[in-house]
Protein chains: 2
Amino acid sequence: MLEKKRLFEHFASAQGLRSTRQRDIILDVFLSTHQHSSVEELYLKIKQSNPGIGHATVYRTLKLFAEAGIAREIHLHDGQTRYEQTTAGEHHDHLVCTSCNSIVEFENATIEKLQEEIAARHGFLIKNHKLELYGLCISCRK
Amino acid sequence: MLEKKRLFEHFASAQGLRSTRQRDIILDVFLSTHQHSSVEELYLKIKQSNPGIGHATVYRTLKLFAEAGIAREIHLHDGQTRYEQTTAGEHHDHLVCTSCNSIVEFENATIEKLQEEIAARHGFLIKNHKLELYGLCISCRK
DNA sequence: CTTGCTGCAAACAGTTTGCAGAACT
DNA sequence: AGTTCTGCAAACTGTTTGCAGCAAG
């Protein structure tokens with residue numbers, strides 16, 4: 001958490017970016033928020049402490065966070081961009097409930113390894129991946 | 001291919017849908033087109049044989065195909081909806097080249113099984129899944 | 001004081017919708 | 001004839017961009 005702030009500060013100064021009130025606030029809210037927030041959710045939360053803020057600033061700043069490596073964009077099937085905190089460099093994937101929209105994360109090393117094998121078989125170099133399982137979570141199955 | 005047409009006809013009559021020139025054309029083009037076409041690509045192709053066609057009709061009709069079970073929507077990271085033909089009921093996943101946008105399909109039964117295991121562990125019922133590996137294809141790696 | 005950042009509004013891209021007229025059945 | 005479908009244009013959603021003024025260095 002604190003280390004994320006330092007990471008961003010480092011990135012910012014390396015890029016000659018300025019430190020502004022808005023960026024601080026957006027960073028605080030982003031770090032304190034549950035995972036997978038949509039831009040709109042973050043925007044509304046940020047607005048509470050900083051009423052005059054514009055959508056554009058939030059969009060621009062989240063994009064910066066992604067460049068700085070402290071946030072990762074995720075795209076689910078609902079046409080909204082979400083951001084999650086990067087957790088120390090490894091992938092995790094998502095179980096997405098299509099009924100209540102809850103999201104559970106998981107990791108599976110075997111799947112990762114299989115992906116690499118498949119890629120290798122095709123001469124493909126993986127930069128990134130996305131695995132999402134859509135369905136009903138335990139409480140929505142009834 | 002022919003059986004897809006029958007499938008759609010069956011669906012259409014069951015739903016009380018009408019058979020129209022546009023739907024026939026869109027179906028023909030869709031079935032004859034390489035996989036993973038974006039709506040715009042399909043629209044442009046359809047326009048050749050049917051100049052006056054509107055975007056809306058293409059969008060509406062592709063959605064119908066998806067409901068009828070002969071097409072499947074896919075969403076890559078570029079903000080466009082694509083459609084692919086459903087191939088006899090099973091999943092396949094995608095290797096997406098971020099440089100030339102080529103798409104290679106693959107299937108892996110072991111990954112599928114692992115997904116089920118993970119879901120079971122969370123009491124989750126999978127309806128659908130999405131696995132995409134982004135990176136550089138063999139020719140773009142140089 | 002210089003340059004980057006913000007907020008606003010307008011622009012955009014992809015998709016959806018309302019509606020009058022056309023076309024199936 | 002009755003109703004669904006089409007094409008058009010306008011509406012919509014999520015996101016980006018241009019720009020004048022503000023603020024950090």
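This is a predicted model, so every value here is computed, not measured. Chain A is the first sequence line, chain B the second, and so forth, proteins listed ahead of strands; every chain is numbered from 1.
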**Asked** Does C/dT15 have OP1 or OP2 sitting under 4.0 Å from an N or O in the side chain of B/Lys63?
**Response** no
**Prompt:** Quick one: B/Ile25 CD1 to D/dT6 C1', roughly how many Å, whole number?
**Reply:** 12 Å
**Prompt:** Separation of A/Gln22 atom CD from D/dA24 atom C1', in whole Å?
**Reply:** 11 Å
**Item:** Euclidean distance, atom CD of residue B/Gln80 to atom C1' of C/dT15 [Å, nearest integer]
**Value:** 11 Å
**Fill in**
Between B/Val39 and A/Thr57, the residue closer to the 5' end of DNA chain C by nearest nucleotide is A/Thr57
**Request:** Assign each of A/Leu17 and B/Arg23 to its nearest nucleotide of DNA chain D by heavy atoms, then name whichever residue's nucleotide is nearer the 5' end.
**Result:** B/Arg23
**Message:** Working note: B/Glu132 + B/Tyr134, criterion side-chain hydrogen bond (donor to acceptor under 3.5 Å, both in side chains); need CA distance, chi angles, decisive distance, verdict.
**Reply:** CA-CA 6 Å; B/Glu132 278 141 29; B/Tyr134 295 91; 2.7 Å; yes
**Asked** Does any residue of residues 46-54 of chain A have a heavy atom under 4.0 Å from DNA chain D, and if so, which ones, in number order?
**Response** none
**Message:** Can you see if the side chain of A/Tyr59 gets near the phosphate of D/dT15 - specifically, an N or O under 4.0 Å from OP1 or OP2?
**Reply:** yes
**Request:** Measure from the side-chain heavy atoms of A/Arg60 and tell me the nearest of C/dT17, D/dC19, C/dG4.
**Result:** D/dC19
**Request:** Assess whether salt bridge (Lys or Arg N to Asp or Glu O under 4.0 Å) is satisfied between B/Asp28 and B/Lys5, documenting all intermediate values.
**Result:** CA-CA 9 Å; B/Asp28 279 341; B/Lys5 286 206 188 189; 2.5 Å; yes
**Message:** Just checking B/His10: does its NE2 atom have more than 12 heavy atoms from other residues, nucleotides or ligands closer to it than 6.0 angstrom?
**Reply:** no
**Message:** On the nucleotide C/dC5, are OP1 or OP2 found under 4.0 Å from the side-chain N or O atoms that A/Thr20 carries?
**Reply:** no
**Message:** I need the CD-C1' distance between A/Glu73 and D/dT15, as an integer number of Å.
**Reply:** 11 Å
**Request:** In whole angstrom, give the distance that lies between atom CD of B/Glu40 and atom C1' of C/dC12.
**Result:** 14 Å
**Prompt:** Rounded to the nearest Å, what distance is computed from the CG atom of residue A/Leu64 to the C1' atom of nucleotide C/dT6?
**Reply:** 13 Å
**Fill in**
Rounded to whole Å, NE2 of B/His55 lies from P of C/dG14 at a distance of 9 Å
**Parallel, tilted or perpendicular: ring planes of A/Phe30 versus A/Tyr83, cut at 30 and 60 degrees** = perpendicular
**Item:** Whether B/His94 and B/His36 hold their rings parallel, tilted or perpendicular, with breakpoints at 30° and 60°
**Value:** perpendicular
**Asked** Between A/Lys63 and A/Tyr59, is a side-chain hydrogen bond (donor to acceptor under 3.5 Å, both in side chains) present by the stated rule, with each step listed?
**Response** CA-CA 6 Å; A/Lys63 211 142 248 180; A/Tyr59 276 101; over 6 Å; no
**Short side-chain N/O contact from B/Arg18 to OP1 or OP2 of D/dT6, under 4.0 Å** = no
**Request:** Would you please test B/Gln115 and B/His129 for side-chain hydrogen bond (donor to acceptor under 3.5 Å, both in side chains) and show each step?
**Result:** CA-CA 9 Å; B/Gln115 290 176 1; B/His129 80 232; 2.9 Å; yes
**Message:** Looking at A/Thr81, I'd like to know whether one of its side-chain N or O atoms comes within less than 4.0 Å of OP1 or OP2 on D/dG14.
**Reply:** no
**Prompt:** Taking atom C1' of D/dG14 as reference, at what distance in whole Å does atom OH of A/Tyr43 sit?
**Reply:** 13 Å
